[in-house]
Amino acid sequence: MESKNIAIAGEITPSKTIIPIIEKLKEREGEDKLNFKLNKIIGLYHGESSKSFLEPYCDELYSIGEGRRGKRNSTGKLAYLISKDILKSYNALKGKKIDLLITAGNAGDVRKSIVAANILKIPVIHIEQDIYNPIEVISQANMVTVPSEMYKEYLEKNYRLRNVANINGYPMAKYVDNYIKGDNLIDKDEIYGEYGMKEFVLVVLGGDLKDDEIEPLIRAVEELNLKVLIAPYRFDRNMVQELILSPNIKVLPQYVDLLSFMNAASHLIYAAGMGMTIEAGVFNIPSLKIEGFHKTHGSVDLANELNIPIVKIDEIPKAFENLPEQKESELVKNSEIAIEKVVDLINDFDEKSLKRSGFKSTKKIWDSRKVYR
């Protein structure tokens, strides 16, 4: 039987999407249900946090750079840094006899790894969730998967992509479900005891929030007059702490196990995208999503499906008073279907019959992203 080496690339949320697929591949191999022998899994990680996610699932790991969110660089320097990271990706993939690269997400790791794979003539399957704002180079993947038939039609019509496959769900939901069932969560009582509050609202910063929006957000949260824990995430913890006036609000360390705090919280207010919307759906926690720069976004669609209100910062107090019950979701059930479909695609993958969409599609995506630049 033919042996294959598979490479995976991703930041934190994309890593959570790819991990259940790797687990299912290994499970099928153990059941002798793969058309090939799984030789090596090679991980390309983008930042130390994604390294810790991918490490248990990979035989080899290679850094392809760090995220640059929030860092301002000139166009020239940015081009230099991207080129440098593409070279890192190229060197990580070169000489490893990689038969397939799997990517997910819409950040720089996708751009770098797909460009490098194209240079090395390595075929690519890309798992897309941010349908309205994808990275241009997904047009250079041999196959792109999407979570619904509506999204398949959108990519084909708007970006002229071909070889788009509907997998009917979000694989990441299974990662969250496995994490919960795997007894990985910090005990609720431990969290209650450490922060001196049993009922609390978890506020997660991130997404499209800007520095000058943090103070108005804190003032809006203070109006709730409830116990609150703020996860600063991408924002400086000290900056957030200095803005707080209420004794009811405490700021968490820079990075914490958010799934454990979501499990312990009574409510969630978040300014983030698809990953946290999926997590809120799996936990079925009453939630508010803060409206961001991206008014049209896959996470907006999913929030609407889950009955999660999307509100401006100054609307938070009133919206919280009238918070609707979140709809029971089939995210986990559908994620299991999606994982099976992706593994089927990998198992039956035929590079010769799956040509890339090409540069006309690349340009269409590039033009559509101008509004975000």
Checklist entry - How far apart are the C-alpha atoms of Asn35 and Asp348, what are their side-chain angles, what is the distance that settles it, and do they pass the side-chain hydrogen bond (donor to acceptor under 3.5 Å, both in side chains) test? => result CA-CA 8 Å; Asn35 298 328; Asp348 300 327; 3.3 Å; yes
Next on the checklist: Between Leu44 and Lys112, is the side chain to side chain contact (heavy atoms under 4.5 Å, CB included) condition met? List the steps.
Outcome noted: CA-CA 10 Å; Leu44 309 183; Lys112 299 160 194 173; over 6 Å; no
Item to check | Ile308 vs Tyr270, side chain to side chain contact (heavy atoms under 4.5 Å, CB included): CA-CA, chis, key distance, verdict | outcome: CA-CA 11 Å; Ile308 296 175; Tyr270 70 98; 4.1 Å; yes
Item to check | From CA spacing to verdict: side chain to side chain contact (heavy atoms under 4.5 Å, CB included), Ile316, Leu217 | outcome: CA-CA 8 Å; Ile316 289 173; Leu217 173 57; 3.5 Å; yes
Item to check | Lys24 vs Glu27, salt bridge (Lys or Arg N to Asp or Glu O under 4.0 Å): CA-CA, chis, key distance, verdict | outcome: CA-CA 5 Å; Lys24 181 59 69 173; Glu27 179 186 314; 3.2 Å; yes
Item to check | Test side chain to side chain contact (heavy atoms under 4.5 Å, CB included) applied to Ile131 and Asp301, step by step | outcome: CA-CA 10 Å; Ile131 307 303; Asp301 292 351; over 6 Å; no
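Checking side-chain atoms of Thr362 against main-chain N and O of Val137 turns up no donor-acceptor pair under 3.5 Å. Side-chain N or O atoms of Arg162 include one that pairs as donor or acceptor with a backbone N or O of Arg356 at under 3.5 Å. At least one donor-acceptor pair under 3.5 Å links the side chain of Asn304 to the backbone N or O of Val300. Of the possible polar contacts, none joining the Glu128 side chain to the Pro147 backbone as a donor-acceptor pair under 3.5 Å is found. Side-chain atoms of Ser287 do not come within 3.5 Å of backbone N or O of Ile269 as any donor-acceptor pair. At least one donor-acceptor pair under 3.5 Å links the side chain of Glu222 to the backbone N or O of Leu245. The backbone N or O of Arg160 lies less than 3.5 Å from no partner atom in the side chain of Lys360, so there is not a single donor-acceptor pair. In this structure, Ser139 contributes its side chain and Ser361 its backbone to no donor-acceptor pair below 3.5 Å. A donor-acceptor pair under 3.5 Å links the side-chain atoms of Arg237 to the main chain of Val251, judged by distance alone. The backbone N or O of Ile114 sits less than 3.5 Å from a side-chain atom of Asn118, completing a donor-acceptor pair.
The pair Asp177-Lys174 meets the salt-bridge criterion, since a charged nitrogen lies less than 4.0 angstrom from a carboxylate oxygen. Looking at Glu136 and Arg111, a side-chain N of the basic residue comes within less than 4.0 Å of a carboxylate O on the acidic one, giving a salt bridge. Salt-bridge formation is not detected for the pair Lys227/Glu199: no Lys NZ or Arg NE/NH1/NH2 atom is positioned less than 4.0 Å from an Asp or Glu carboxylate oxygen. Arg28 and Glu31 are not joined by a salt bridge, as no carboxylate oxygen comes within less than 4.0 angstrom of a charged side-chain nitrogen. Looking at Glu223 and Arg219, no side-chain N of the basic residue comes within less than 4.0 Å of a carboxylate O on the acidic one, giving no salt bridge.
Contact of the Val228 side chain with the Asn248 side chain is not registered, since no non-hydrogen atoms from C-beta on lie closer than 4.5 Å. Taking the side chain as every heavy atom from C-beta outward, Lys40 and Lys97 never approach each other to under 4.5 Å. A heavy-atom distance below 4.5 Å is found between the side chains of Phe36 and Ile346. Inter-residue side-chain proximity for Ser329 and Leu302 is flagged as unmet; no heavy-atom pair is nearer than 4.5 Å. When side chains are defined from C-beta on, Glu351 counts as touching Asn142, because their heavy atoms get closer than 4.5 Å. Between Lys364 and Asn158 there is no side-chain heavy-atom pair separated by less than 4.5 Å. In this structure the side chain of Asn163 never reaches within 4.5 angstrom of the side chain of Ser357, judged on heavy atoms. Counting only heavy atoms from C-beta outward, the side chains of Arg234 and Leu205 never approach each other to under 4.5 Å.
Donor-acceptor pairing under 3.5 Å is lacking for the side chains of Glu325 and Asn307. Side-chain contact of Ser299 with Thr277: a donor-acceptor pair under 3.5 Å is absent, judged by distance alone. Side-chain contact of Lys96 with Asn5: a donor-acceptor pair under 3.5 Å is absent, judged by distance alone.
Using cut-offs of 30° and 60° for the angle between ring planes, the Tyr132 and Tyr151 rings count as perpendicular.
Between Val343 and Ile21 the shortest heavy-atom distance is CG2-O, 3.9 Å. For the pair Leu61 and Leu54, the tightest heavy-atom approach, listed with the atom from each and the gap, is CD2-CB, 4.0 Å. Minimum interatomic distance between Glu11 and Ser50 (heavy atoms only, all atoms of both residues): C-CB, 3.7 Å. Heavy-atom minimum distance, Ser260 versus Ile191: O-CD1, 3.6 Å. Across all their heavy atoms, Gln129 and Pro171 have their closest contact at OE1-CD, 4.4 Å. In terms of heavy-atom proximity, Tyr192 sits nearest to Ala264 at OH-O, 3.2 Å.
Tyr175 contributes atom OH, which lies 12.5 Å from atom CD1 of Ile339 (distance to the nearest 0.5 angstrom). One distance of note links CG of Leu331 with CD of Glu336; it measures 11.5 Å at 0.5 Å rounding. Going from atom CG of Leu345 over to atom CD1 of Ile125 covers 6.0 Å, rounded to the nearest 0.5 Å. Atom CD1 of Ile122 and atom CG of Leu101 lie 7.0 Å apart (nearest 0.5 Å). Between the CD1 atom in Ile41 and the CG atom in Leu25 there is a gap of 6.5 Å [rounded to 0.5 Å]. Rounding to the nearest 0.5 Å places CG of Asn168 at 6.5 Å from CD1 of Ile337.
When hydrophobic clusters are built by joining Ile, Leu, Val, Met, Phe, Trp and Tyr residues whose side-chain heavy atoms come closer than 4.5 Å, directly or via intermediates, Ile285 is grouped together with Val204. Under the 4.5 Å side-chain heavy-atom criterion for ILVMFWY residues, a single connected hydrophobic cluster contains both Leu243 and Leu224. Ile290 and Ile278 are members of different hydrophobic clusters when ILVMFWY side chains are connected at heavy-atom separations under 4.5 Å. When the side chains of ILVMFWY residues are joined at heavy-atom separations under 4.5 Å, either directly or via intervening members, Val203 and Leu258 end up in two distinct hydrophobic clusters. Hydrophobic cluster membership differs between Leu323 and Leu268, with clusters built from Ile, Leu, Val, Met, Phe, Trp and Tyr side chains linked at under 4.5 angstrom.
No option in Glu153, Lys152, His126 other than Lys152 meets the side-chain contact (heavy atoms from CB on, under 4.5 Å) test with Val146.
More than 12 heavy atoms of other shown residues, nucleotides or ligands fall within 6.0 angstrom of atom OH in Tyr255.
Side-chain rings of Tyr62 and Tyr45 stay apart, their centers remaining 6.0 Å or farther from each other.
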